[in-house]
S.K.: 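What follows is a structure written as structure tokens; I'll ask about it next.
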Amino acid sequence: MKISARLSAVLAASALAAGAFAAAPATAQVAAGTGTAAVTPPDISLTNVKQHLADLQSLASANGGNRAHGRTGYKASIDFVKAKLDAAGFTTTLQTFTSSGATGYNLIADWPGGDANQVVLLGSHLDSVTAGPGINDNGSGSAAILETALTVARTNFQPTKHLRFAWWGAEELGMVGSRYYVNNLPTADRSKISGYLNFDMLGSPNPGYFVYDDDPTIEQTFKTYFAGIGVPTEIETEGDGRSDHAPFKSAGIPVGGLFSGAETYKTAAQAQKWGGTSGQAFDRCYHASCDTTANVNDTSLDRNADAIAYAVWNLASGGGTPPGGGKVFSNDTDVAIPDGGATAATSTVNVTGITGNAPSNLAVGVDIVHTWRGDLKVDLLAPDGSVYALKAANVSDSADNVQTTYTVDASSEVANGAWKLRVQDMYSGDTGYINSFKLTFP
């Protein structure tokens with residue numbers, strides 16, 4: 001991950017909430033990723049991912065201790081990954097660029113088949129800083145998508161959409177390689193990328209589980225995976241604008257991704273949630289010589305690698321809405337929730353430009369920060385005042401926060417108008433606020 005002086009405060013948020021639903025004009029259900037039956041992917045071998053990391057470590061050790069842009073260790077790393085993909089049947093392209101007076105390399109690998117007008121692109125930066133071998137940053141992301149690509153070949157996966165993998169150069173100098181790739185894509189080819197998924201630092205030794213809050217379908221796909229294995233997630237904020245998704249996002253391409261933390265310190269609440277040590281950086285060896293194979297948490301690396309496979313098999317299989325396929329209306333203004341009062345908090349989203357009625361699968365994205373979510377009764381109000389119950393209060397539900405997407409059959413409602421999220425704190429003693437509310441129309 002690119003160096004930044006900014007240390008962002010990480011939003012504390014839980015995994016998908018398991019809300020209880022009261023009777024209403026329509027019954028809401030928790031959406032499962034794309035809203036269709038999930039595809040079960042093959043397991044991504046942790047042993048194989050770690051072997052790739054050991055190989056990258058060896059290449060660094062043999063080339064001055066790093067794999068940085070313009071150094072022999074980086075070119076050796078690119079050649080290593082390319083050879084494996086060529087042998088597996090991928091069509092590979094080595095793209096060159098110049099930065100800081102040295103030649104840089106991007107490696108692009110296309111899996112044959114799939115709709116070339118719908119490309120699911122996965123990427124990670126392969127370069128390290130000059131200070132060390134860069135095994136967590138970012139051998140971890142590079143090795144994880146490499147093994148995912150090899151698993152695609154090994155299982156002869158034939159997705160509906162076209163699959164492309166990329167390893168970027170000179171990220172540590174300011175996303176130079178990925179920006180070069182995006183800037184040199186013809187406009188028509190940019191529009192064919194239905195989603196870019198970025199993976200930068202997946203095995204931090206004091207890990208967190210962070211999901212990019214960008215494209216709603218990609219975001220929900222990752223959240224669904226982690227919820228299925230009982231691992232809470234938080235929205236990724238530390239790396240905003242600091243990794244290779246940034247050029248794609250700036251070009252209007254839907255993005256998403258995963259991150260396990262860098263130099264920001266883990267809070268006490270995060271340590272209680274995920275284990276590890278509070279008051280310590282997620283990665284104490286960030287951009288240092290000690291970022292070696294000893295600087296990787298196996299559990300984090302394994303979970304994140306499997307999450308990548310889950311996203312690939314579901315987003316590329318044609319089983320759900322393509323990333324970026326929905327029209328999103330959102331309100332990110334914080335609204336305080338009165339504690340134990342008769343007054344409810346409301347957040348309003350104004351929907352315009354939708355023809356006819358709302359859909360039968362209206363996605364309602366809810367992000368509520370609260371110290372005892374069991375206190376909360378959550379409803380969706382249609383423009384005509386109809387109430388759709390999303391979550392009932394349940395005093396025994398002692399977890400914090402409500403961060404999930406509900407699916408509502410709102411087909412009897414006119415789409416355009418003011419939709420409201422209404423949140424009422426039914427019991428006193430705990431506090432919170434509505435962080436964001438969004439509606440996604442397919």
Side-chain angles (χ1 to χ4, degrees), residues 31-49 52 81-95 106-124 141-167 181 185 188-199 202 215 217-222 224-225 228-229 248 253-258 302-326 442:
T34 59
T36 61
V39 178
T40 302
D43 179 68
I44 301 300
S45 168
L46 175 63
T47 299
N48 291 355
V49 176
H52 301 325
V81 175
K82 185 177 186 299
K84 287 194 172 290
L85 295 165
D86 286 341
F90 282 82
T91 300
T92 61
T93 303
L94 202 59
Q95 184 181 51
N106 293 327
L107 175 63
I108 314 299
D110 287 271
W111 180 239
D115 184 355
N117 292 311
Q118 296 187 76
V119 178
V120 177
L121 172 59
L122 291 79
S124 65
S142 293
I145 68 167
L146 173 58
E147 186 56 30
T148 301
L150 297 178
T151 303
V152 164
R154 197 176 298 122
T155 60
N156 195 30
F157 179 42
Q158 298 297 317
T160 304
K161 303 179 181 67
H162 182 73
L163 268 179
R164 180 175 299 155
F165 296 80
W167 288 261
Y181 175 82
L185 271 179
D189 288 340
R190 287 188 189 183
S191 66
K192 293 175 183 177
I193 301 177
S194 57
Y196 171 70
L197 283 62
N198 193 61
F199 305 100
L202 302 183
D215 179 79
T217 300
I218 300 173
E219 176 188 349
Q220 187 58 48
T221 300
F222 285 126
T224 298
Y225 169 77
I229 63 171
F248 289 89
I253 296 169
V255 302
L258 300 174
D302 190 27
R303 287 170 172 171
N304 281 302
D306 287 337
I308 294 172
Y310 181 88
V312 168
W313 261 256
N314 281 277
L315 293 174
S317 67
T321 304

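The basis for the numbers below is simple: all heavy atoms, side chains too, and nothing from hydrogens, waters or symmetry mates.
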S.K.: Please examine the side chains of Gln220 and Tyr225, heavy atoms only from C-beta on, and report whether any two atoms are closer than 4.5 Å.
M.R.: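 Not touching, per the 4.5 Å side-chain cut-off.
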
S.K.: Would you mind reporting whether Phe165 and Ile108 have side-chain heavy atoms less than 4.5 Å apart?
M.R.: no

S.K.: Between Leu197 and Ala311, which heavy-atom pair has the shortest distance, and what is it?
M.R.: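 In this case the closest contact between Leu197 and Ala311 is CD2-CB, 3.9 Å.
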
S.K.: Under the criterion side chain to side chain contact (heavy atoms under 4.5 Å, CB included), I'd like the reasoning laid out for Asp306 against Asp43: C-alpha separation, chi angles, the key distance, then a yes or no.
M.R.: CA-CA 6 Å; Asp306 287 337; Asp43 179 68; 3.3 Å; yes

S.K.: Going from CG on Asn304 to CD1 on Ile145, what distance comes out if it is rounded to the nearest 0.5 angstrom?
M.R.: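 Spacing of CG (Asn304) from CD1 (Ile145) equals 13.0 Å.
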
S.K.: Measure up the Phe199 and Phe222 rings against each other and bin them: parallel (under 30°), tilted (30 to 60°), perpendicular (over 60°).
M.R.: perpendicular

S.K.: Compile the donor-acceptor pairs under 3.5 Å between side chains in residues 146-154 and protein atoms, sequence neighbours left out, one pair per line.
M.R.:
unit_1 : atom_1 : unit_2 : atom_2 : d
Glu147 : OE1    : His52  : NE2    : 2.8
Glu147 : OE2    : Asn48  : ND2    : 3.1
Glu147 : OE2    : Arg154 : NH1    : 3.2
Glu147 : OE2    : Arg154 : NH2    : 3.3
Thr148 : OG1    : Ala144 : O      : 2.8
Thr151 : OG1    : Glu147 : O      : 2.7
Thr151 : OG1    : Arg154 : NH1    : 3.4

S.K.: What is the minimum heavy-atom distance between Leu258 and Ala307, and which atoms define it?
M.R.: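 Between these two residues, the closest heavy atoms are CD1-CB, 3.7 Å.
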
S.K.: Any chance you could measure Leu94, atom CG, to Leu107, atom CG, to the nearest 0.5 Å?
M.R.: 6.0 Å

S.K.: Looking only at non-hydrogen atoms, find the nearest pair between Ala305 and Ile44 and report the distance.
M.R.: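 What the structure gives for the nearest pair is O-CG1, 3.6 Å.
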
S.K.: Hey, does the side chain of Asp215 reach the backbone of Gly256 with a donor-acceptor pair shorter than 3.5 angstrom?
M.R.: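 Checking the backbone N and O of Gly256 against the side chain of Asp215, no donor-acceptor pair under 3.5 Å is found.
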
S.K.: How far does OG1 of Thr40 sit from CH2 of Trp313, to the nearest 0.5 angstrom?
M.R.: 11.5 Å

S.K.: What are the two closest heavy atoms between Pro42 and Thr155, and how far apart are they?
M.R.: CG-CG2, 4.1 Å

S.K.: Would you compute the distance between atom OG1 of Thr224 and atom CD of Glu219 and round it to the nearest 0.5 angstrom?
M.R.: 10.0 Å

S.K.: Nearest 0.5 Å please: distance from the CZ atom of Arg190 over to the CZ atom of Phe248.
M.R.: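 Result: 9.5 Å between the selected atoms.
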
S.K.: Do you know the tightest heavy-atom contact between Leu85 and Ala109?
M.R.: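 Looking at all heavy atoms of both residues, the closest pair is CD1-CB, 3.7 Å.
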
S.K.: Without hydrogens or angle criteria, can the side chains of Ser317 and Thr160 be said to hold a donor-acceptor pair below 3.5 Å?
M.R.: no

S.K.: Leu122 and Tyr196: which non-hydrogen atoms are nearest, and at how many Å?
M.R.: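 Between these two residues, the closest heavy atoms are C-CE1, 4.1 Å.
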
S.K.: Side-chain contact test, heavy atoms from C-beta onward, threshold under 4.5 Å: evaluate it for Leu202 versus Ile308 and give yes or no.
M.R.: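 Yes, close enough: below the 4.5 Å cut-off.
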
S.K.: List the steps, then state whether side chain to side chain contact (heavy atoms under 4.5 Å, CB included) holds for Asn106 with Thr93.
M.R.: CA-CA 8 Å; Asn106 293 327; Thr93 303; over 6 Å; no

S.K.: Indicate yes or no: at least one non-hydrogen side-chain atom of Leu315 is less than 4.5 angstrom from one of Ile218.
M.R.: yes

S.K.: Donor-acceptor check, side chain of Ser194 to backbone of Val119, threshold 3.5 angstrom: yes or no?
M.R.: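 Flag set: sc Ser194 to bb Val119 pair under 3.5 Å.
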
S.K.: Between the main-chain N or O of Phe157 and the side-chain N or O of Trp111, is there a donor-acceptor pair closer than 3.5 Å?
M.R.: yes

S.K.: Going through the checks in order, is the salt bridge (Lys or Arg N to Asp or Glu O under 4.0 Å) test met by Asp189 and Lys192?
M.R.: CA-CA 5 Å; Asp189 288 340; Lys192 293 175 183 177; 3.7 Å; yes

S.K.: Does anything in residues 110-124 pair up under salt bridge (Lys or Arg N to Asp or Glu O under 4.0 Å), and if so which pairs, sequence neighbours excluded?
M.R.: Asp110-Arg164

S.K.: If only atom types and distance count, is the side chain of His162 paired as donor or acceptor with the main-chain N or O of Gly113 below 3.5 Å?
M.R.: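 A pair under 3.5 Å: yes.
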
S.K.: CG of Leu163 to CZ of Phe90: how many Å apart, nearest 0.5 Å?
M.R.: 7.5 Å

